[in-house]
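One structure is given below, encoded as structure tokens.
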Amino acid sequence: SGPVELTVSADDTSESAIVDVEEPGDPATFEITGLDAPAEVEPGESVSVDAALHNTGDVEGTPIVELVVDGTQVDTAEPTVDGKETAEVSFSWDSSEYSGTAALTVSADTSSESTTVDVQEPRDPAAFELASLDAPTEVTEGESVAVNAAVTNTGDVEGTPIVELVVDGTQVDTAEP
């Protein structure tokens with residue numbers, strides 16, 4: 001490092017210049033400094049995982065950053081990060097083949113951060129049963145009749161049934177409770 005004299009010559013002429021040579025900075029080295037993932041997800045949900053990647057070196061670098069779920073690499077990224085800067089790296093993971101607690105690790109160089117995500121058990125879709133029916137046993141032709149029905153959702157997921165009133169095979173009314 002320090003000043004160096006450069007000389008260029010051709011035939012009987014030459015030119016010189018003084019160039020200051022600087023020491024190279026520390027090479028790019030990367031640390032995962034943060035990891036963000038949801039605590040729990042529904043089965044089959046696409047999961048976003050974000051990591052903070054810090055370049056502790058002085059020069060720009062492009063590391064391979066991996067997302068590993070339960071020991072299997074599921075996504076990679078190759079961000080370019082300037083020296084002494086931090087970049088956000090985003091991953092996506094499909095949870096459809098997982099249930100229970102999944103171990104997530106994001107790594108770059110020799111640095112890694114880990115967390116767990118609880119993949120909920122599959123839930124039964126909305127399904128409806130007629131729980132009770134209250135209707136008169138006799139009516140006078142032409143009169144309005146009140147019919148009350150109680151509908152129960154036997155599934156795990158919220159839903160809205162369409163309840164039909166059918167008289168002698170003909171639909172005469174519908175309701176969405």
Side-chain angles (χ1 to χ4, degrees), residues 1-10 14-129 151-162 176-177:
S1 72
V4 175
E5 181 180 2
L6 297 176
T7 303
V8 177
S9 57
S14 66
E15 290 284 328
S16 295
I18 303 294
V19 177
D20 193 21
V21 178
E22 296 180 2
E23 289 284 327
D26 290 334
T29 305
F30 298 93
E31 291 181 359
I32 304 295
T33 58
L35 181 59
D36 183 37
E40 63 181 39
V41 297
E42 296 293 324
E45 186 176 333
S46 179
V47 181
S48 293
V49 178
D50 298 314
L53 176 69
H54 182 69
N55 181 350
T56 61
D58 294 320
V59 296
E60 174 185 281
T62 306
I64 296 173
V65 186
E66 298 178 325
L67 170 62
V68 175
V69 179
D70 286 346
T72 301
Q73 179 183 313
V74 297
D75 201 1
T76 62
E78 294 186 39
T80 298
V81 185
D82 289 335
K84 303 294 186 201
E85 294 294 323
T86 299
E88 185 81 12
V89 182
S90 295
F91 298 98
S92 182
W93 162 57
D94 178 7
S95 66
S96 61
E97 295 189 24
Y98 295 85
S99 65
T101 302
L104 277 64
T105 301
V106 174
S107 61
D109 284 349
T110 59
S111 176
S112 66
E113 288 281 330
S114 297
T115 190
T116 58
V117 173
D118 190 24
V119 181
Q120 301 295 306
E121 293 297 321
R123 300 184 327 168
D124 292 331
F128 302 98
E129 283 183 0
V151 178
T152 302
N153 181 353
T154 59
D156 294 327
V157 178
E158 183 178 312
T160 304
I162 298 175
E176 292 184 38

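Residue numbers start at 1 and run along the sequence shown. These numbers were taken from a predicted model, which means no experiment stands behind them.
Inter-residue side-chain proximity for Thr115 and Glu113 is flagged as unmet; no heavy-atom pair is nearer than 4.5 Å. The side-chain heavy atoms of Pro38 and Val47, taken from C-beta on, include a pair separated by under 4.5 Å. Ser107 is not listed as a side-chain neighbour of Val65, based on a closest heavy-atom distance of 4.5 Å or more. Two residues are said to be in side-chain contact when any heavy atoms from C-beta on lie closer than 4.5 Å; Trp93 and Asp75 fail this criterion. Residues Pro177 and Pro161 are in side-chain contact: their nearest non-hydrogen atoms beyond the backbone lie under 4.5 Å apart.
Remark: side-chain polar atoms of Lys84 are not paired, donor with acceptor, to backbone N or O of Asn55 under 3.5 angstrom. Looking at Thr33, its side chain never comes within 3.5 Å of a backbone N or O of Leu53 through a donor-acceptor pair. The backbone N or O of Glu40 lies less than 3.5 Å from no partner atom in the side chain of Asp118, so there is not a single donor-acceptor pair.
Closest non-hydrogen pair, Thr86 versus Ala52, comes out as CG2-CB, 4.1 Å. Residue Ala37 comes nearest to Val117 through the heavy atom pair CB-CG2, 4.1 Å, listed as atom of the first residue, atom of the second, then distance. Between Ile18 and Glu5, the shortest heavy-atom distance links the atoms CD1-CB, 3.8 Å. The two atoms that bring Glu42 and Ser95 nearest to each other are O-OG, 3.2 Å, heavy atoms only. The heavy-atom pair separating Ala77 from Val89 by the smallest distance is CB-CG1, 3.6 Å. Closest approach of Val81 to Ala87, counting heavy atoms only: CG2-CB, 3.8 Å.
In this model, a donor atom of one side chain and an acceptor atom of the other lie less than 3.5 Å apart for Thr105 and Ser114. No donor-acceptor contact under 3.5 angstrom links the side chains of Thr101 and Thr116, judged on distance only. When only modelled atom types and interatomic distance are considered, Asp50 and Ser90 share a side-chain donor-acceptor pair under 3.5 Å. Side-chain contact annotation: Ser14 with Thr7, donor-acceptor N/O pair under 3.5 Å absent.
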Margin query: Set out, in order, the CA-CA distance, both residues' side-chain angles and the distance that settles side-chain contact (heavy atoms from CB on, under 4.5 Å) for Thr152 and Phe128, then state yes or no.
Written below: CA-CA 6 Å; Thr152 302; Phe128 302 98; over 6 Å; no

Next item on the list: Report the C-alpha separation of Ser111 and Asp109 in whole Å, then their side-chain angles, then the decisive distance to 0.1 Å, and conclude whether the side-chain hydrogen bond (donor to acceptor under 3.5 Å, both in side chains) test is met.
Entry: CA-CA 6 Å; Ser111 176; Asp109 284 349; over 6 Å; no

Margin query: Does Thr76 form a side-chain contact (heavy atoms from CB on, under 4.5 Å) with Gln73? I'd like the steps, not just the answer.
Written below: CA-CA 8 Å; Thr76 62; Gln73 179 183 313; 2.8 Å; yes

Checklist line | Full working for side-chain contact (heavy atoms from CB on, under 4.5 Å) between Val49 and Val106 | finding: CA-CA 9 Å; Val49 178; Val106 174; 4.2 Å; yes

Item checked: Working for side-chain contact (heavy atoms from CB on, under 4.5 Å), residues Asp70 and Tyr98 -> CA-CA 9 Å; Asp70 286 346; Tyr98 295 85; 3.7 Å; yes

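The CG atom of Asn153 lies 9.0 Å from the OG1 atom of Thr160; values are rounded to the nearest 0.5 Å. To the nearest 0.5 Å, the span separating CG on Asp82 from CD on Glu60 amounts to 5.5 Å.
The environment of Ile162 atom CD1 is sparse: at most 12 non-hydrogen atoms of other residues, nucleotides or ligands sit within 6.0 angstrom.
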